[in-house]
Amino acid sequence: MTDAPILSLNLYIGGRLSMAVGARVISAKPGGRLLWIAPQSPMWRHRARDGRHWRDVPVTDDSMREAELVTDIWTNASLIWQPASAKHAIWQRFDATGRFQNWYVNLEERRHQFGQINVIDHELDILVNSDRDWHWKDEESFAAKIGDPAYWTREEAERIRAEAATVIGQIESGTGIFDGRLRRFLPDPTWPPPDLPPVPARRLPG
């Protein structure tokens with residue numbers, strides 16, 4: 001699989017670029033796409049000059065105009081399952097030795113462009129340990145943004161919650177990727193490290 005293509009995975013929060021990193025396509029089938037982000041991959045990160053994460057910076061804040069787009073390094077290894085037509089992705093994370101750490105469910109929408117996947121982050125996440133015990137992440141931040149025109153309406157928030165409930169059902173039943181079949185995934189040792197992706201758009205395209 002040395003010729004497996006690499007896409008730029010671009011994450012947007014409130015319509016603003018948060019980060020971008022090269023992701024190798026392991027498989028792309030009607031049911032979904034499986035991606036691999038290698039540790040030590042070069043990446044772009046958009047940050048406020050005062051160090052705040054984008055989710056903590058209101059869209060109207062002047063920090064947006066003072067933001068820096070800087071290079072950084074992706075530290076952990078991540079295998080990402082993006083189910084077709086679903087509004088979530090499941091990240092399977094490994095430590096530096098290749099040992100499985102946990103699953104991370106990202107509630108999101110995706111827009112595909114040539115060579116790129118633009119991810120619209122829905123803030124709410126689910127952390128799942130190896131025993132499939134789970135807990136919410138960023139639940140308060142998600143709730144605080146309901147009604148903000150840059151984020152989601154109350155009706156959209158309910159749909160995001162419903163999507164999360166569907167995934168929780170898979171977690172608790174051990175179905176889908178939570179059956180553990182990919183916990184021993186090993187990347188092809190011949191894969192070269194990805195290059196730094198092209199500079200992505202700082203605002204969500206389209």
| remark: Contacts of Q116 meeting side-chain hydrogen bond (donor to acceptor under 3.5 Å, both in side chains) (sequence neighbours excluded), chain-then-number -> N10
| remark: Applying side-chain hydrogen bond (donor to acceptor under 3.5 Å, both in side chains) to S85 and not counting sequence neighbours gives none
| message | Could you work out, with ring pair (Phe, Tyr, Trp, His ring centres under 6.0 Å) as the rule, every residue matching W81, not counting sequence neighbours? | response | none
| field | Partners meeting ring pair (Phe, Tyr, Trp, His ring centres under 6.0 Å) with F178 (sequence neighbours left out) | value | W103
Any side-chain heavy atom of [X] sitting closer than 4.5 Å to one from [Y]?
{"X": "D95", "Y": "N76", "result": "no"}
{"X": "V128", "Y": "D133", "result": "no"}
{"X": "S78", "Y": "F94", "result": "no"}
{"X": "I126", "Y": "I168", "result": "yes"}
{"X": "R24", "Y": "P187", "result": "no"}
{"X": "H122", "Y": "L124", "result": "no"}
{"X": "Y104", "Y": "K137", "result": "yes"}

Looking only at non-hydrogen atoms, find the nearest pair between [X] and [Y] and report the distance.
{"X": "R132", "Y": "S173", "value": "NH2-C, 4.2 Å"}
{"X": "L107", "Y": "A164", "value": "CD1-N, 3.9 Å"}
{"X": "A89", "Y": "Q82", "value": "CB-CG, 4.0 Å"}
{"X": "R203", "Y": "G14", "value": "NH1-O, 4.4 Å"}

Which residues share a salt bridge (Lys or Arg N to Asp or Glu O under 4.0 Å) with [X], sequence neighbours left out:
{"X": "E108", "answer": "R110"}
{"X": "D179", "answer": "R181"}
{"X": "E139", "answer": "R161"}
{"X": "E172", "answer": "none"}

Inter-residue atom distance [X].[atom1] - [Y].[atom2], 0.5 Å rounding:
{"X": "Y151", "Y": "I160", "atom1": "OH", "atom2": "CD1", "answer": "12.0 Å"}
{"X": "W91", "Y": "D125", "atom1": "CH2", "atom2": "CG", "answer": "10.5 Å"}
{"X": "I26", "Y": "I80", "atom1": "CD1", "atom2": "CD1", "answer": "10.0 Å"}
{"X": "N102", "Y": "D131", "atom1": "CG", "atom2": "CG", "answer": "12.0 Å"}
{"X": "M19", "Y": "L9", "atom1": "CE", "atom2": "CG", "answer": "5.5 Å"}
{"X": "I6", "Y": "W191", "atom1": "CD1", "atom2": "CH2", "answer": "9.5 Å"}

| T166 side chain to A162 main-chain N or O, any donor-acceptor pair under 3.5 Å? | yes
| field | Under 3.5 Å donor-acceptor, H46 side chain and L17 backbone | value | yes
| task | Please list all pairs passing the ring pair (Phe, Tyr, Trp, His ring centres under 6.0 Å) test where one or both residues lie in residues 125-144, with sequence neighbours left out. | result | W134-W136, F142-W152
| task | For L204, check side chain to side chain contact (heavy atoms under 4.5 Å, CB included) against everything at least two apart and list the hits. | result | Y12, R111, N118, I120
| message | According to side chain to side chain contact (heavy atoms under 4.5 Å, CB included), who are the partners of T153, at least two apart in sequence or on a separate chain? | response | E155, E156
Contacts under 3.5 angstrom, residues 32-45 side chains, donor-acceptor by atom type, not counting sequence neighbours:
unit_1: R33; atom_1: NH1; unit_2: H112; atom_2: ND1; d: 3.4
unit_1: S41; atom_1: OG; unit_2: A38; atom_2: O; d: 2.6
unit_1: W44; atom_1: NE1; unit_2: P197; atom_2: O; d: 2.7
unit_1: R45; atom_1: NE; unit_2: D72; atom_2: OD2; d: 3.0

| Stepwise side-chain contact (heavy atoms from CB on, under 4.5 Å) test for S130 and Q101 | CA-CA 7 Å; S130 58; Q101 289 185 304; over 6 Å; no
| task | Could you tell me whether K87 and E109 make a salt bridge, using a distance below 4.0 angstrom between a side-chain N and a carboxylate O? | result | yes
| Audit row: K145, E123, side-chain contact (heavy atoms from CB on, under 4.5 Å) steps and yes/no | CA-CA 9 Å; K145 291 179 172 64; E123 189 102 15; 3.5 Å; yes
